[in-house]
Amino acid sequence: MSEPFDAVDVIAIKRDGEVLQDEHIDWVIDAYTRGVVTDYQMSALAMAIFLNGMTRHEIARWTDAMIRSGERMDFSGLPRPTSDKHSTGGVGDKITLSLAPLVASFGVAVPQLSGRGLGHTGGTLDKLEAIPGWRANLSNEEVYRQLGTGSGAVICAAGAGLAPADKKLYALRDATATVACVPLIASSIMSKKIAEGTGSLVLDVKVGSGAFMKTLDKARELARTMVDLGTDAGTNTVALLTDMSVPLGLTVGNALEVRESVEVLAGGGPDDVVELTVALAREMLAAAGQPDADPAAALRDGRAMDVWRTMIAEQGGDPDAPLPQAAYTEDVLAEADGILQDLDALAVGVASWRLGAGRARKEDPVQAGAGVEIFARPGDKVVRGQKLLRLHTDEPERFARARESLADTLHISDAPVEPRSSVVLERIAGK
């Protein structure tokens with residue numbers, strides 16, 4: 001059939017720093033989904049966007065066009081309000097595992113469509129697949145049933161029908177050095193979340209060495225863009241900027257993080273994980289009409305744990321089964337007496353990845369038991385020979401490269417370290 005535009009002309013508009021019209025955006029996304037616009041043409045357009053940016057209206061139209069490339073889910077018929085959370089990814093970020101059942105314990109449905117890890121950031125589905133029998137792939141009917149009459153919480157893979165244009169473009173951006181582009185990141189995340197059909201959305205935008213956004217200014221820009229996209233689409237959206245300069249919690253790796261999440265659901269767990277879980281839960285519950293709910297109480301009294309066990313069983317998992325353990329461990333010891341100065345999130349994330357907990361390509365397998373345990377945090381007093389980290393892997397030849405990634409962190413001196421006051425840095429709401 002005859003096409004209304006030529007890809008070269010659309011690319012040239014953005015190359016020259018001009019604004020794409022609605023009809024240009026609608027056509028190029030549809031034509032790319034159909035295969036009329038080629039990967040190399042979309043690569044050129046993505047680079048032009050990377051270099052010249054987009055207006056708020058362009059980003060909103062681009063996001064809407066990606067949503068319209070596939071199906072939309074509709075949870076309006078559920079007997080419960082819906083609220084969801086999205087994290088931009090970090091090291092040791094296992095928050096979803098305890099957050100979803102915690103919010104669901106208040107009668108709010110949580111449709112948490114999640115992904116897998118790539119590089120140094122972990123994937124929620126990889127973590128949960130460490131639980132024997134648990135499955136990530138559910139039909140739409142199973143999702144609706146679990147949210148409506150089941151546990152009220154679902155953590156699963158997004159179906160192939162949601163924003164298929166984004167799936168193509170996401171893979172292309174990874175291969176063309178256009179990942180770190182706010183308009184493309186924001187539209188990628190929000191096209192899937194809006195298509196998912198949740199009534200409200202809380203964004204956890206990570207800031208620091210272990211995050212995609214290294215500076216507070218860039219994180220603010222991304223958060224504001226995503227909040228505006230959600231608001232413009234009629235989804236109640238708020239964002240928290242949270243610290244990812246050090247790993248979140250005391251474990252990095254799939255089964256290790258599941259274990260820590262269960263500790264949080266049992267009323268324990270590291271302070272920073274509990275703080276962020278409760279902060280995000282309060283935002284989700286307030287957006288769902290429960291501003292006075294006390295999520296901390298639901299962690300203490302076991303309600304959230306009950307939902308967790310039901311949710312895992314509904315998806316074929318055994319909540320009582322032993323979690324996988326790596327075949328080999330090796331400890332990293334303090335080389336001097338003093339105060340631990342740093343524990344760089346990126347360095348620890350790369351170490352965990354090299355131990356087998358992550359993947360370099362989407363098709364790579366992961367080791368369920370691989371990862372890093374943390375026994376000292378910045379500001380802790382340590383003595384020579386004290387255990388700082390424990391490395392876990394099924395392949396002992398991986399230890400050397402994991403240690404290499406840690407070479408520029410774990411410094412010890414007599415200088416005091418200012419304690420972090422909160423893992424939550426800022427809150428950004430819709431205008």
Side-chain angles (χ1 to χ4, degrees), residues 70 73 75 82-104 108-131 133-140 142-144 146-147 150-164 166-167 170-171 185 188-198 200-206 211-212 226 242 244 248-249 252-255 257-258 260-262 264-265 273 276-277 280-281 284 307-308 311-312 314-317 349 357-359 362 366 368:
M73 301 184 77
F75 296 125
T82 54
S83 190
D84 192 13
K85 183 271 298 185
H86 177 82
S87 168
T88 56
V91 179
D93 183 8
K94 72 277 296 175
I95 297 297
T96 294
L97 277 66
S98 51
L99 179 64
L102 173 58
V103 173
V108 175
V110 183
Q112 182 70 60
L113 306 187
S114 299
R116 303 186 185 280
L118 190 63
H120 75 277
T121 58
T124 298
L125 301 183
D126 297 323
K127 303 181 206 303
L128 286 167
E129 284 179 338
I131 300 173
W134 187 88
R135 59 191 179 94
N137 295 314
L138 301 179
S139 67
N140 285 354
E142 289 174 310
V143 170
Y144 281 96
Q146 198 163 319
L147 292 174
S151 64
V154 169
I155 304 175
C156 66
L162 287 180
D166 176 65
K167 290 181 174 62
Y170 185 93
I185 294 172
S188 174
I189 291 170
M190 295 303 292
S191 64
K192 294 189 289 287
K193 286 299 176 181
I194 295 169
E196 177 191 292
T198 185
S200 57
L201 176 64
V202 177
L203 300 164
D204 179 4
V205 180
K206 303 295 187 186
F212 287 116
M226 291 194 293
T242 67
M244 188 39 68
L248 190 58
V252 181
N254 300 309
E257 294 189 46
V258 173
E260 188 168 271
S261 298
V262 173
V264 171
L265 288 162
V273 177
L276 184 52
T277 301
L280 290 167
M284 292 173 68
V307 177
W308 160 265
M311 178 187 74
I312 294 302
E314 285 173 333
Q315 293 179 230
R359 53 173 64 83
K362 289 183 179 179
V366 296

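All values below were derived from every heavy atom in this structure, side-chain atoms included, with hydrogens, water molecules and symmetry-related copies excluded.
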Where V307 and A104 come nearest, the two heavy atoms and their spacing
CG1-CB, 3.9 Å

Smallest heavy-atom separation, V273 atom then E260 atom, equals CG2-OE2, 3.9 Å

Identify the two heavy atoms, one from F75 and one from E196, that lie closest to each other, and give their separation to 0.1 Å.
CE1-O, 3.0 Å

Show the nearest heavy-atom pair for residues N254 and G123, with the distance to one decimal.
OD1-O, 4.4 Å

With E314, which residues qualify under salt bridge (charged side-chain N to carboxylate O under 4.0 Å, His left out), at least two apart?
none

Side chain proximity check, K193 to T198, heavy atoms < 4.5 angstrom
no

In short, A109 meets P111 closest at the heavy-atom pair O-CD, 3.5 Å

Rounded at 0.5 Å granularity, tell me how far CE in M311 sits from CG in L147.
11.0 Å

The salt bridge (charged side-chain N to carboxylate O under 4.0 Å, His left out) partners of K85 (sequence neighbours excluded) come to none

To the nearest 0.5 Å, how far apart are CG in L128 and CD in E257?
10.5 Å

Decide side chain to side chain contact (heavy atoms under 4.5 Å, CB included) for L113 and K192; before the verdict, give the C-alpha distance in whole Å, the side-chain angles of both, and the deciding distance to 0.1 Å.
CA-CA 9 Å; L113 306 187; K192 294 189 289 287; over 6 Å; no

Interatomic distance, CG@L99 vs CG@D204, rounded to 0.5 Å, equals 9.5 Å

Table please: side-chain donor-acceptor pairs of residues 154-164 below 3.5 Å, with sequence neighbours left out.
none

Quick one, W308 and V264 - any side-chain contact, counting heavy atoms below 4.5 Å?
no

Test your reading of the model: is there a side-chain donor-acceptor pair from Q146 to the backbone of A153, 3.5 Å cut-off?
yes

Would you say the side chains of S83 and S200 form a donor-acceptor pair under 3.5 Å?
yes

Checking the side chain of T88 only, and the main-chain atoms of K206 only, is there a donor and an acceptor separated by less than 3.5 Å?
yes

Derivation and outcome, side chain to side chain contact (heavy atoms under 4.5 Å, CB included), residues M226 and I189:
CA-CA 8 Å; M226 291 194 293; I189 291 170; 3.7 Å; yes

Are any non-hydrogen side-chain atoms of L97 and K127 less than 4.5 angstrom apart?
yes

Do I95 and S87 have side chains that get closer than 4.5 Å, going by heavy atoms?
no

Take M190 and L201 through the side chain to side chain contact (heavy atoms under 4.5 Å, CB included) test and state the conclusion after the steps.
CA-CA 10 Å; M190 295 303 292; L201 176 64; 3.7 Å; yes

Nearest heavy-atom approach of T96 to S114 is CG2-OG, 4.5 Å

Side chain proximity check, R135 to E142, heavy atoms < 4.5 angstrom
yes

